[in-house]
*Asks:* 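Got a structure for you, written out below as structure tokens; questions coming shortly.
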Amino acid sequence: MPELPEVEVVRRGLADFTTGRTIDAVEVLHPRPVRRHLAGPDDFIARLKGQVFTAPARRGKYLWLPLASGDAVLTHLGMSGQFRVQPVGAPDEAHLRVRFRFADDLGEVRFVDQRMFGGLSYSEGGAELPGEIAHIARDPFDPLYDAEAAAAALRRRKTGLKRALLDQTVVSGIGNIYADEALWRAKMHYAKATDSLKPLQAREILRHAHEVMAEALGVGGTSFDALYVNVNGESGYFERGLNVYGQEGSPCPRDGRPIRREPFMNRSSFRCPRCQPVPRLARW
DNA sequence: AGGTGGCCCTGACGGC
DNA sequence: TGCCGTCAGGGCCACC
């Protein structure tokens, strides 16, 4: 469940470890995580040998490791992807998929991914911004993020509010957890029609999304199970800060009504039936 | 062409 | 005890 805060924690962890280091060898232990690299695992490996990492970057939930050559390794953690830093010779993780060895002996970087929704690819000329993710909108933490423009984009959609929040071409970085938390904070229902939002309401829901993600980032992200940990294998603490997500049956912290879990887009939405009632203008 | 739903993938868990 | 269905949910992609 890595969303923006979790990906940012990983980016920061990798920054200390990869920046300026020279890749000695890459090992691909399962082909699926490099499926986006159409030329295949061998080509992926060959292109990386001898290259030097510069400081890692992020947009929304995408993370990339720029190379001094101007290219980049583009990655997405998907549902269960993790980057881990480990001493050379440490036992392989059960779901170790890709290993980066370096010219020095300060340890290696590993991509571990149980469900393999995540992956890595080689992006030519992608150091600044990989072309593969040019369509992804800026996230609220981006210095060039335009809150006004994002609110306008939200209101232009003809769909339900949560669907639009999860659409990475409107605003990036928000996933199921922070969408539900932002909706609760804004006292809005997930099915509220986006084109019925007043300009101020659109600004509000995005402000709440930014705020809840900032709070989560401040405590290392949200860890439900072992699927999200930082590069050193440590969990985040924001699970304690969740008001609705995963809280079915627990009292709403605002008004005490039991939180409801409802099916939504083949997954779940959590809301308070009293402070987030079904709107008059709804799109499911 | 924007909106929508199916699919990928593995492991945990509950019911029988 | 063991098998099976369900759920978790990112993003891509086909279809309308």
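Per chain, numbering begins at 1; letters A, B, ... match sequence-line order.
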*Asks:* Under 4.0 Å, heavy atom to any atom of DNA chain B: which of residues 144-159 of chain A qualify?
*Replies:*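 Listed by number, they are A:Arg157, A:Lys158, A:Thr159.
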*Asks:* Any Lys/Arg nitrogen of A:Glu181 or A:Arg185 sitting under 4.0 Å from an Asp/Glu carboxylate oxygen of the other?
*Replies:*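 No, A:Glu181 and A:Arg185 are not salt-bridged.
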*Asks:* May I ask you to evaluate whether A:Arg115 reaches the phosphate of C:dC7, defined as a side-chain N or O under 4.0 Å from OP1 or OP2?
*Replies:* no
*Asks:* Between atom CG in A:Leu166 and atom P in C:dG11, what is the gap in whole Å?
*Replies:* 9 Å
*Asks:* Compare every heavy atom of A:Thr222 with every heavy atom of A:Leu242, then report the nearest pair and how far apart it is.
*Replies:*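 Heavy-atom minimum between the residues: CD1-CG2, 4.0 Å.
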*Asks:* Please check this pair: side chain of A:Lys192 against backbone of A:Leu281, looking for a donor-acceptor N/O pair closer than 3.5 Å.
*Replies:* no
*Asks:* Decide if atom CG of A:Asp105 counts as having more than 12 heavy atoms of other residues, nucleotides or ligands within a radius under 6.0 Å.
*Replies:*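 Count not over threshold, so no.
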*Asks:* Could you tell me how far apart A:Gln168 (CD) and C:dG10 (P) are, to the nearest whole angstrom?
*Replies:*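 That distance rounds to 8 Å.
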*Asks:* Over how many whole Å does the gap from A:Arg35 atom CZ to C:dG10 atom C1' extend?
*Replies:* 10 Å
*Asks:* Using whole Å, report how far CD1 of A:Ile136 lies from P of C:dG10.
*Replies:*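 Between P of C:dG10 and CD1 of A:Ile136: 13 Å.
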*Asks:* Using a 6.0 Å cut-off, check whether atom CD of A:Glu248 has over 12 heavy atoms from anything other than its own residue.
*Replies:* yes
*Asks:* Ignoring hydrogens and angles, tell me if any N or O in the side chain of A:Arg59 forms a donor-acceptor pair with the backbone of A:Ile136 under 3.5 Å.
*Replies:* yes
*Asks:* Based on the rotation axes of five pairs at each end, what angle does the helix from B:dG2-C:dC16 to B:dC16-C:dG2 bend through, to 10°?
*Replies:*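 End-to-end axis angle for the helix from B:dG2-C:dC16 to B:dC16-C:dG2: 50°, rounded to 10°.
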*Asks:* Look at the side chain of A:Thr75 and the backbone N and O of A:Leu120, then say whether any donor-acceptor pair between them is shorter than 3.5 Å.
*Replies:* no
*Asks:* Tell me whether A:Asp146 is salt-bridged to A:Arg138, with the criterion being a basic N under 4.0 Å from an acidic carboxylate O.
*Replies:*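 Salt bridge flag = no for A:Arg138 with A:Asp146.
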*Asks:* Would you call the rings of A:Tyr178 and A:Phe238 parallel, tilted or perpendicular, where under 30° means parallel and over 60° means perpendicular?
*Replies:* tilted
*Asks:* Counting the atoms with a prime plus P, OP1 and OP2 as sugar-phosphate, which does A:Arg283 contact under 4.0 Å by heavy atoms, base, sugar-phosphate, or nothing?
*Replies:*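 Nothing, no heavy atom under 4.0 Å.
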*Asks:* For A:Tyr62, answer base if it contacts any base atom (sugar-phosphate contacts may also be present), sugar-phosphate if it contacts only those atoms, and nothing otherwise; contact means non-hydrogen atoms under 4.0 Å.
*Replies:*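 Since only primed, P, OP1 and OP2 atoms lie under 4.0 Å of A:Tyr62, the category is sugar-phosphate.
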*Asks:* With a strict under 4.0 Å distance from non-hydrogen atoms of chain A, what nucleotide opens and what nucleotide closes the contacted stretch of DNA chain B, reading 5' to 3'?
*Replies:*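 Nucleotide range in contact with chain A: B:dG3 to B:dG11.
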*Asks:* Closer than 4.0 angstrom, basic N to acidic O: yes or no for A:Arg99 and A:Asp92?
*Replies:* yes
*Asks:* To the nearest Å, give me how far apart CE (A:Met265) and C1' (C:dC13) are.
*Replies:*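 For the pair A:Met265 CE and C:dC13 C1', the rounded distance is 14 Å.
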*Asks:* Which part of the nucleic acid does A:Arg36 contact within heavy-atom distance under 4.0 Å: base, sugar-phosphate only, or nothing?
*Replies:* sugar-phosphate
*Asks:* Grab the CZ-C1' distance between A:Phe264 and C:dG10 for me, whole Å please.
*Replies:*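 Computing the A:Phe264:CZ to C:dG10:C1' distance gives 14 Å.
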*Asks:* Does A:Lys61 pair with A:Asp139 as a salt bridge, N-O distance under 4.0 Å?
*Replies:*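 Result for this pair is no, no salt bridge flagged.
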*Asks:* For A:Met79 and C:dA8, give me the distance from atom CE to atom P, rounded to whole Å.
*Replies:*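 Interatomic distance, CE of A:Met79 to P of C:dA8: 10 Å.
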*Asks:* Once you round it to whole Å, what is the distance between P of C:dG10 and CD of A:Gln82?
*Replies:* 16 Å
*Asks:* Between A:Asp16 and A:Arg12 (salt bridge meaning N to carboxylate O under 4.0 Å), is one present in this structure?
*Replies:*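 Salt bridge absent between A:Asp16 and A:Arg12.
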